[in-house]
Number of protein chains: 2
Amino acid sequence: MEETTSVKQPVTDNTRERLLDRSEILFAHKGFAAVSVREITGSANCNLSAVNYYFGNKMNLYISVFKERWIPRMKQVRQYADDYLSSRQTIGISDIIRAFAKAFLDGPITDEERIYHFHLMQREIAHPTEALKMVVDEIIHPMHKDIRGLIKPSLPENLSSEKLALSIFTTISMILYFGFAQPVISLVMDQKFDPAFKSRVIDHIVSFAMNGINGLKKEETV
Amino acid sequence: MEETTSVKQPVTDNTRERLLDRSEILFAHKGFAAVSVREITGSANCNLSAVNYYFGNKMNLYISVFKERWIPRMKQVRQYADDYLSSRQTIGISDIIRAFAKAFLDGPITDEERIYHFHLMQREIAHPTEALKMVVDEIIHPMHKDIRGLIKPSLPENLSSEKLALSIFTTISMILYFGFAQPVISLVMDQKFDPAFKSRVIDHIVSFAMNGINGLKKEETV
DNA sequence: GTCTATAGCAGGATAGAC
DNA sequence: GTCTATCCTGCTATAGAC
């Protein structure tokens, strides 16, 4: 009842936190059905019945992973991009692209986090649960609208909003793909995803997308 | 023993074929672990033990889906792109991009097939089984090399092969994303994936990727 | 080649002691 | 809040009749 103000450790019981941490990785890696509660509690070093105690059932743990891990992480990524942009004097299209490419691929989250973060999302797209709608409504849709608002001033007034939206999706697709398909890319290119390569990838994405969007500008004014 | 040459129906027993057809859809939709043999045989309208009879066990059915459905379909898609290109007099970069964009998004396979085809692949990337190596070795790697060979003559000699490889991945990422993330795109853009929209998407991909690759050319010659 | 029956096991969830 | 013990369901795989 009485909250101590001890600084040492988080006050909240951390079995619950460990369950969220470990199950996120397992769900991302194998999918909801392929992970057993026994595996989760084993990995989180707690008792089998802890999942039911803290979350009621397995599905609710899964939903909670999105609410308490996935969405906050996306907000962190988003914040990184916003900070990057507000540190600039003037904001051009390439700054915006770089802000989001860096935020997603080289931002506040670790490489490991990034991979399971994307995998969770891909699984939801393939087989949506109620988590997908939550995530689209709370994160993806707003982010998309904000990016549109950022880019629009740099483009001709008469540019169709469909072309703009498609360009944003296209740019995001590149970013996500490099975050997601790393294993295949490494296999085909025979190239490890070390920091130097990652930085070249980000440069590549920025210039590729820039050229794409600028081309849009030309098309429209012709 | 004796094969009749009747034209009416495929000669081969078709319980096995139905199992492959139905299980591919189920595996793609829900993932290997989330689909039970009961569900598969129910969907294929055959007896529970048919999976074991024809494939030995559930995992071998899964592998067979890749061998006998996924890979042949990719070969079909690839053939479509090759046919498209060989029907042209001269082949520019935009023809090559269009050939593959059309092959993947508007080619010989149905929209439904395309979606579960991509989902199966995404699941393999997230949690590889022996199917992934088979698919990369037999299809993805060769296709990537062939595309590189097709595009190279249209680019400056001194272009680094890394930049070329990244551009190909980037272009493919756009194509795959529009094949895969249709549900999310539809949700965010409030736009159904009807044939007219799909054709605008293909045009968009071609011009976006063209501008990206041509920009590469300029960078290099500066 | 198709069926039923069942072995054998692993899963989620809960009750109740501590 | 953590533990053990247990219920019960549903799974894969196989044996053996037809």
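FYI, side chains are in, hydrogens and waters are out, and symmetry mates aren't considered; it's all heavy atoms of this structure. In what follows, chains carry the letters A, B, and so on, assigned in the order in which the sequence lines appear, proteins first and then strands, with residues in each chain numbered from 1.
- The closest side-chain heavy-atom distance from B/L164 to B/I213 is not below 4.5 Å.
- The pair B/E17-B/R69 meets the salt-bridge criterion, since a charged nitrogen lies less than 4.0 angstrom from a carboxylate oxygen.
- Side chain A/R38 to base C/dG12: a donor-acceptor pair is found below 3.5 Å.
- We find that CG of B/N57 is positioned 5 Å from P of D/dA13, with the value rounded to whole Å.
- Under 4.0 angstrom from either OP1 or OP2 of C/dA13 there lies no side-chain N or O belonging to A/S49.
- OP1 or OP2 of D/dT2 lies within a sub-4.0 Å distance of a side-chain N or O belonging to A/Y54.
- If you take CG of A/N14 and C1' of D/dG1, they are 12 Å apart, rounded to a whole angstrom.
- Distance B/L61 CG to D/dA13 C1': 14 Å, rounded to the nearest Å.
- Of the residues in residues 21-36 of chain B, B/V35, B/S36 come within less than 4.0 Å of DNA chain D through at least one heavy atom, sorted by number.
- When each of C/dG12, C/dA15, D/dA13 is scored by its nearest atom to the side-chain atoms of A/V37, the top-ranked nucleotide is C/dG12.
- Between B/E138 and B/K133, no side-chain nitrogen of the basic residue sits less than 4.0 Å from a carboxylate oxygen of the acidic one, so the salt-bridge criterion is not met.
- For the pair B/N52 CG and D/dC11 P, the computed distance is 14 Å after rounding to whole Å.
- Residue B/N47 places at least one side-chain N or O under 4.0 Å from the OP1 or OP2 atom of C/dT4.
- For B/R88, the salt bridge (Lys or Arg N to Asp or Glu O under 4.0 Å) partners two or more places apart in sequence, or in a different chain, are B/D95.
- Salt-bridge check for B/D82 with B/R78: passed, with a basic side-chain N closer than 4.0 Å to an acidic carboxylate O.
- Separating the CZ atom of A/R18 from the P atom of D/dG1 is a distance of 13 Å, rounded to the nearest angstrom.
- Distance CG (B/L48) to C1' (D/dT12): 8 Å, rounded to an integer number of Å.
- A salt bridge links B/E24 with B/R73: the closest approach of a Lys/Arg side-chain nitrogen to an acidic carboxylate oxygen falls below 4.0 angstrom.
- The separation between A/N45 atom CG and D/dG1 atom P is 18 Å, rounded to whole Å.
- Looking at the side chain of A/Y53, the nearest of the listed nucleotides C/dG1, D/dA13, D/dT2 is D/dT2.
- A straight line from NZ of A/K58 to P of C/dT14 spans 14 Å, rounded to a whole angstrom.
- At a threshold of 4.0 Å, the pair A/D111-A/R114 counts as salt-bridged, since one of the basic side-chain nitrogens sits closer than that to a carboxylate oxygen.
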